Every structure is written in C-alpha cells, then in structure tokens.
There are 2 protein chains.
Amino acid sequence: MIAQTGTQSTDRAAQLLLRVVEAREPLAVGELATATGLPKSTASRLLGSLERAGLVQRDGARGGVRPGPALLRFAQRGVAGDDIVSLADGALRELAAVSGETVNLAVPAHDGPDTIAEIETGHVLGTGGWVGRRGIPQHASAFGKVFIAFGAARLPRGELVAVAPRTITDRRRFDAELARIRVSGYAVAVDELEDGLAAVAAPVRGALGEVVASLAISGPTLRMPALRLEALGRLCVEQAAALSTKLGSPPVREGAA
Amino acid sequence: MIAQTGTQSTDRAAQLLLRVVEAREPLAVGELATATGLPKSTASRLLGSLERAGLVQRDGARGGVRPGPALLRFAQRGVAGDDIVSLADGALRELAAVSGETVNLAVPAHDGPDTIAEIETGHVLGTGGWVGRRGIPQHASAFGKVFIAFGAARLPRGELVAVAPRTITDRRRFDAELARIRVSGYAVAVDELEDGLAAVAAPVRGALGEVVASLAISGPTLRMPALRLEALGRLCVEQAAALSTKLGSPPVREGAA
DNA sequence: ACACTACGATCCGCTTGATGGAACATGCGT
DNA sequence: ACGCATGTTCCATCAAGCGGATCGTAGTGT
C-alpha cells in the first residue's frame with residue numbers, strides 16, 4: 001500500500017465525496033462537516049473544489065449536496081461486466097501460488113457454471129481446460145452448488161442425475177448440503193462431478209451484494225485430504241471476499257473514519 | 001460560484017478522478033500525470049489517497065487505475081429518476097422569473113407528455129394546472145413535438161387529429177416541423193393544442209445524451225408575438241442545456257483543464 | 001412586518017502539509 | 001542477463017491549506 005502522508009486535504013475531500021455518493025439523498029454542508037469531523041469552513045472549501053470538478057452538485061434551493069454530473073454520467077454508462085476477469089487476476093494468481101492447484105473463475109449461466117478464467121497448475125496431474133466448457137451439471141460441481149446456495153442459479157427440475165460415484169442425488173441431502181455451504185461460506189465437491197476430481201468454491205458478490213461469480217480451486221482427489229480442502233476453502237472465501245470488494249460489494253461495515 | 005483558492009491539491013485530485021471515471025479502460029499513473037500536467041510523484045501520491053478511500057483501484061498486474069469499489073457501488077445503485085424534479089428547480093425558477101409566464105417540466109409517457117413540475121405565473125390570465133394532466137396529444141403540444149423530434153416518443157399511428165385551429169394534421173408538414181425543431185433546438189406550438197394557447201419547449205438530456213424530459217414556457221397567444229416566442233425558445237434551450245448537464249449529459253466538449 | 005435563527009461563504013494570519021526533482025524499486029521485453 | 005519503462009519514496013523548501021471569527025442571506029415564528 002502506498003504511503004499515507006502528504007495528502008491530508010485530498011483524504012478529507014475523498015471522505016466528503018464518499019459520504020455524498022453513499023447517501024441516498026442530498027446532504028447539507030453542515031451535516032457533512034459534522035459527519036467527517038471537519039470545520040465547516042474546510043468542508044465548504046473542499047466541496048467547492050469538488051463542485052467545480054463536477055463531482056458533486058447542489059440543489060438549487062436548500063443547497064443540498066449530491067453526486068455531480070461527472071458521476072451521474074459514469075453511473076449511467078454502467079460497468080462492463082467482463083471487467084471481472086481483469087479484476088479477478090490478482091485473486092487467481094494468489095490462489096494458484098499458495099495452492100499449487102488449478103484455479104478458476106466462473107459465472108452463472110442458464111445451463112450451468114460458465115468458466116471464464118483459469119490458471120493452471122505446475123503439476124503434471126492436473127485439472128485444466130475448463131474455460132468455455134458448458135453444460136456442467138449444477139448439482140455436481142462446486143461452482144454450481146455455490147450458485148444455487150446463494151441464489152444465483154436454480155436447481156433444474158427433475159432427477160439429480162449421478163454423473164460420478166459420489167454425486168448427491170437425494171434432494172433432502174442436497175438441501176442439507178446447501179445449508180452447510182451457506183454457513184461455511186464455501187462449497188466442496190469430491191468425486192461428485194468426476195471420479196478423482198475434487199474442488200472447493202466460494203461466492204463472489206457484485207455491487208448490490210448479489211452473487212455474480214465464483215472462485216474455485218480444483219485438483220486430483222488424492223492431493224485433497226479433508227484438512228486441505230478446508231484450508232483451501234477458507235482461502236477461496238478470503239480471495240472471493242477481496243474480489244467482491246473490488247467489484248463494489250458492500251464491505252463488512254466499518255465505522256466512521 | 002465558490003471561491004477557487006485554497007484547494008490546489010483537491011482540485012488536482014479531482015481532475016485525476018475525472019480522467020479515471022471518464023476513461024473506458026484502465027489508465028496508467030504516468031498517463032494520468034501527463035494528461036493532467038502533474039509531476040509523477042504528485043499524481044502517485046494523490047492517486048494513493050483516492051485509492052485508500054476506495055474511489056479508484058488498480059489492476060493487479062500492470063497497475064492500471066480504474067474506478068474503485070465506492071464508485072462501482074454507486075453506479076450499480078443507479079440514479080433515482082425523480083431526482084430530475086429537484087434538479088430542475090433552479091431552471092424552472094429562472095425561466096419563470098425572466099418570462100413571467102407559466103413554466104413546466106414534462107417527461108415522455110406512452111400516452112403523451114406527462115407534466116411533473118410547474119411554476120405558475122403572476123398574471124391573472126395564465127395557463128396553469130398541467131401537472132398530472134394526461135392524454136395530451138403528442139402532435140399538438142410543444143412538449144410532444146420535442147419528444148418526437150428527438151426520439152423520446154413516437155407519433156401514434158393514424159390520423160393527426162385537429163384539436164385546435166392550427167393543429168398540424170398533414171404528415172408532410174409535420175415532418176418539416178420536426179426538422180425545424182431539430183435545427184433550432186426548440187419547439188413552438190401556437191393555437192395548436194388550444195385556441196389562444198402558445199408554448200415553446202426544449203429537450204432535456206440524460207446521462208447518455210438521450211432526451212428524458214422537456215422544459216416549456218406557455219402563455220396566452222396574445223402575450224406571445226413571434227419575436228418573443230423566439231427569445232423564450234432560446235431561453236428554454238439554455239436552461240434545458242444547463243439542466244441536462246446537471247443530469248450528467250455530456251457537455252458541449254470543453255478542452256482539458 | 002420584523003427580528004430571530006440557522007446555515008453557508010468568506011476572510012486572513014499562522015503554520016503545517018503539499019510539492020516535485022532525484023534517487024530508488026520493480027518488472028517487463030529481448 | 002541486461003536495460004528500459006513505469007511507479008514509489010525521500011526530503012528540503014515554502015506556498016498552500018487550515019480554521020476560528022465574521023459576514024450575508026434566506027427561511028421561520030409570532
């Protein structure tokens with residue numbers, strides 16, 4: 001992280017701007033000053049600067065401060081969805097580095113998880129080639145289970161087809177599995193999609209808090225004892241949370257600065 | 001406008017943030033420094049501050065700067081559409097003050113212009129009570145003509161019904177009228193909706209440049225000679241442009257600061 | 001109608017925090 | 001392995017930001 005000195009006024013202005021974009025209604029200058037602990041004069045001056053730049057604007061009458069034209073333009077333009085691949089880059093690398101296994105990023109699609117990014121392992125025995133592969137059963141993959149557990153996909157009607165030795169086919173058991181995933185924050189699938197294939201996956205949330213993607217680590221079952229799965233799952237959760245934050249997902253709630 | 005002193009660093013940081021928000025792809029720190037004319041060191045320091053606040057973030061690898069979580073969250077939350085009424089307040093007042101006539105703000109609806117704000121005149125003979133009135137013919141009102149001319153509404157099929165002495169009923173003439181509106185930037189309707197009622201209207205554009213509303217001045221025909229209509233039309237255009245800017249509509253193109 | 005109150009903008013001497021050139025990392029391409 | 005391009009940190013200098021006090025203004029209550 002970058003040095004934190006020599007930027008007092010910018011830090012303050014940034015705090016003011018944060019309050020403005022996070023508020024749902026126009027804020028008074030005084031309110032902002034109080035909320036950020038700044039003298040009114042300083043708040044007024046800084047807001048003036050932000051206003052000149054078009055980052056905030058005021059209501060004609062009561063002088064309420066709200067996001068400015070530049071930000072409204074940005075908001076309307078929307079955020080390109082595939083940005084997620086480049087934003088995920090760091091998380092993928094990190095997971096690949098510490099796990100030494102294949103790492104994937106997938107988004108929910110109508111016919112199952114759609115893998116959109118991958119980093120392969122150095123191992124000879126590996127689990128690559130996921131990108132672009134469609135039609136992976138929702139109920140038999142760690143990705144799919146994450147999406148179902150967190151409301152980003154629905155379990156298709158009909159029987160839960162067994163595609164591997166340990167595929168969960170009983171709906172009651174599957175519901176229990178979903179509950180476990182919601183509690184632990186990550187999904188595990190061992191010999192459920194293919195015999196000998198194990199994976200863990202964690203949800204990535206978008207700006208509205210909804211699950212938009214999933215990060216997974218996968219490898220041969222024989223390199224994935226229970227303890228390691230647990231550790232890798234927690235790693236996934238951690239990196240997925242970091243990525244969620246980058247996507248604008250509401251953070252864990254931090255007190256006022 | 002507020003004083004422009006005592007905010008050098010904030011002004012600079014705001015410029016950096018503007019560039020980042022307006023760019024469609026991640027920008028390098030060096031690029032930003034060059035574009036804003038700042039020394040690299042200063043740009044780096046200020047960007048660090050913005051990054052800490054979550055207003056910008058960087059790509060893992062090549063360190064490209066892009067809008068941060070806080071702004072993505074804001075963008076996703078979207079902008080409440082009815083904000084336009086409060087943002088329009090200033091424009092309405094200004095127009096009412098200089099024209100002394102009734103001023104209205106309308107948005108396009110499926111069954112004709114929907115008037116959502118109004119300031120009445122001091123005159124006894126006036127044209128009030130527009131708010132909430134539905135079913136105003138598109139082709140016979142200044143509002144409707146603006147919406148049609150700028151693609152915010154379509155002319156309904158079928159005959160152009162004459163609802164007043166000078167309603168335009170010939171499609172060829174109506175097309176010519178639309179062309180004139182696009183060129184002059186405002187629409188005029190005299191004795192077209194009601195005998196003795198005259199109005200001018202100009203388009204208000206949203207953050208994507210599309211027409212989202214219209215500002216109009218209306219009054220008795222006998223107070224509205226041709227020359228005055230022209231002057232009022234230009235006033236409408238002016239205020240509508242200002243309001244468009246507040247809504248985030250791309251400005252007229254101004255050079256780098 | 002009038003004074004009162006609340007809020008925001010401005011002023012200005014003091015000093016603290018921002019400045020930017022240069023040196024130092026980092027990581028890429030070849 | 002080397003050099004180049006890019007980003008970060010350092011630090012002496014001094015200008016720019018700070019904030020308490022003051023002023024202007026618009027809304028409010030009686």
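Chain A is the first sequence line, chain B the second, and so forth, proteins listed ahead of strands; every chain is numbered from 1. These figures come from a predicted structure and were not determined experimentally. Side chains included, hydrogens not; waters and symmetry mates left out as well; all remaining heavy atoms used.
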List every contact pair, protein side and nucleotides 19-23 of chain D side both N or O, where the distance is under 3.5 Å.
residue: D:dG19; atom: OP2; partner: A:R12; partner atom: NH1; Å: 3.1
residue: D:dG19; atom: OP2; partner: A:T42; partner atom: OG1; Å: 3.0
residue: D:dG19; atom: N7; partner: A:S41; partner atom: OG; Å: 3.0
residue: D:dG19; atom: N7; partner: A:R45; partner atom: NH2; Å: 3.2
residue: D:dG20; atom: O6; partner: A:S41; partner atom: OG; Å: 3.3

task = Take the C1' atoms of the five end pairs on each side of the helix from C:dA1-D:dT30 to C:dT30-D:dA1, derive the two axes, and give their angle rounded to 10 degrees.
result =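 What I find for the helix from C:dA1-D:dT30 to C:dT30-D:dA1 is an axis angle of 60°.
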
Which atom pairs, donor and acceptor, lie under 3.5 Å between side-chain atoms of residues 64-71 of chain B and protein residues at least two apart or in another chain?
residue: B:R66; atom: NE; partner: B:D59; partner atom: OD1; Å: 3.0
residue: B:R66; atom: NH1; partner: A:D83; partner atom: OD2; Å: 3.3
residue: B:R66; atom: NH2; partner: A:S86; partner atom: OG; Å: 3.0
residue: B:R66; atom: NH2; partner: B:D59; partner atom: OD1; Å: 3.2
residue: B:R66; atom: NH2; partner: B:D59; partner atom: OD2; Å: 3.3

Given DNA chain C, 5'-ward residue of the pair A:E31 and A:T10, judged by closest heavy atom =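 Of the two residues, A:E31 wins.
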
Length of the line joining [X]:[atom1] and [N]:[atom2], which is rounded to integer Å:
X: B:L46; N: C:dG17; atom1: CG; atom2: P; value: 16 Å
X: B:D89; N: D:dA26; atom1: CG; atom2: P; value: 14 Å
X: A:D11; N: D:dC18; atom1: CG; atom2: C1'; value: 15 Å
X: A:L47; N: D:dC18; atom1: CG; atom2: P; value: 12 Å

Sequence neighbours left out, what passes side-chain contact (heavy atoms from CB on, under 4.5 Å) with [X]? Give chain and number order.
X: B:R134; value: B:A109, B:H110, B:D111, B:D114
X: A:P225; value: A:R228
X: B:I136; value: B:P113, B:W130, B:S141, B:L193

task = Could you tell me which residues satisfy salt bridge (Lys or Arg N to Asp or Glu O under 4.0 Å) with A:E31, sequence neighbours excluded, listed by chain and number?
result =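 Partners of A:E31 by the salt bridge (Lys or Arg N to Asp or Glu O under 4.0 Å) criterion come out as none, since no residue qualifies.
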
inquiry  = Closer than 3.5 angstrom, by distance alone: can the side chain of A:S44 be matched with the main-chain N or O of A:K40 as a donor-acceptor pair?
reply    =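 Not at all, since once roles are kept as given, no pair shorter than 3.5 Å links the two residues.
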
request  = Would you indicate, yes or no, if D:dT8 has its OP1 or OP2 atom less than 4.0 angstrom from a side-chain nitrogen or oxygen of B:R58?
outcome  =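 So the side-chain polar atoms of B:R58 do come within 4.0 Å of the phosphate oxygens OP1 or OP2 of D:dT8, strictly under.
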
message = Strictly below 4.0 Å: does A:S44 bring a side-chain N or O up to OP1 or OP2 of C:dA9?
response =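 Yes, such a contact exists.
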
task = Please name all residues satisfying side-chain hydrogen bond (donor to acceptor under 3.5 Å, both in side chains) with A:E238, sequence neighbours left out, ordered by chain then number.
result =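 Partners of A:E238 under the side-chain hydrogen bond (donor to acceptor under 3.5 Å, both in side chains) test: none.
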
Under 3.5 Å, which donor-acceptor pairs do the side chains of residues 197-216 of chain B form with other protein atoms, sequence neighbours left out?
residue: B:R205; atom: NH1; partner: B:G209; partner atom: O; Å: 2.8
residue: B:E210; atom: OE1; partner: B:L208; partner atom: N; Å: 3.2
residue: B:S214; atom: OG; partner: B:A202; partner atom: O; Å: 3.0

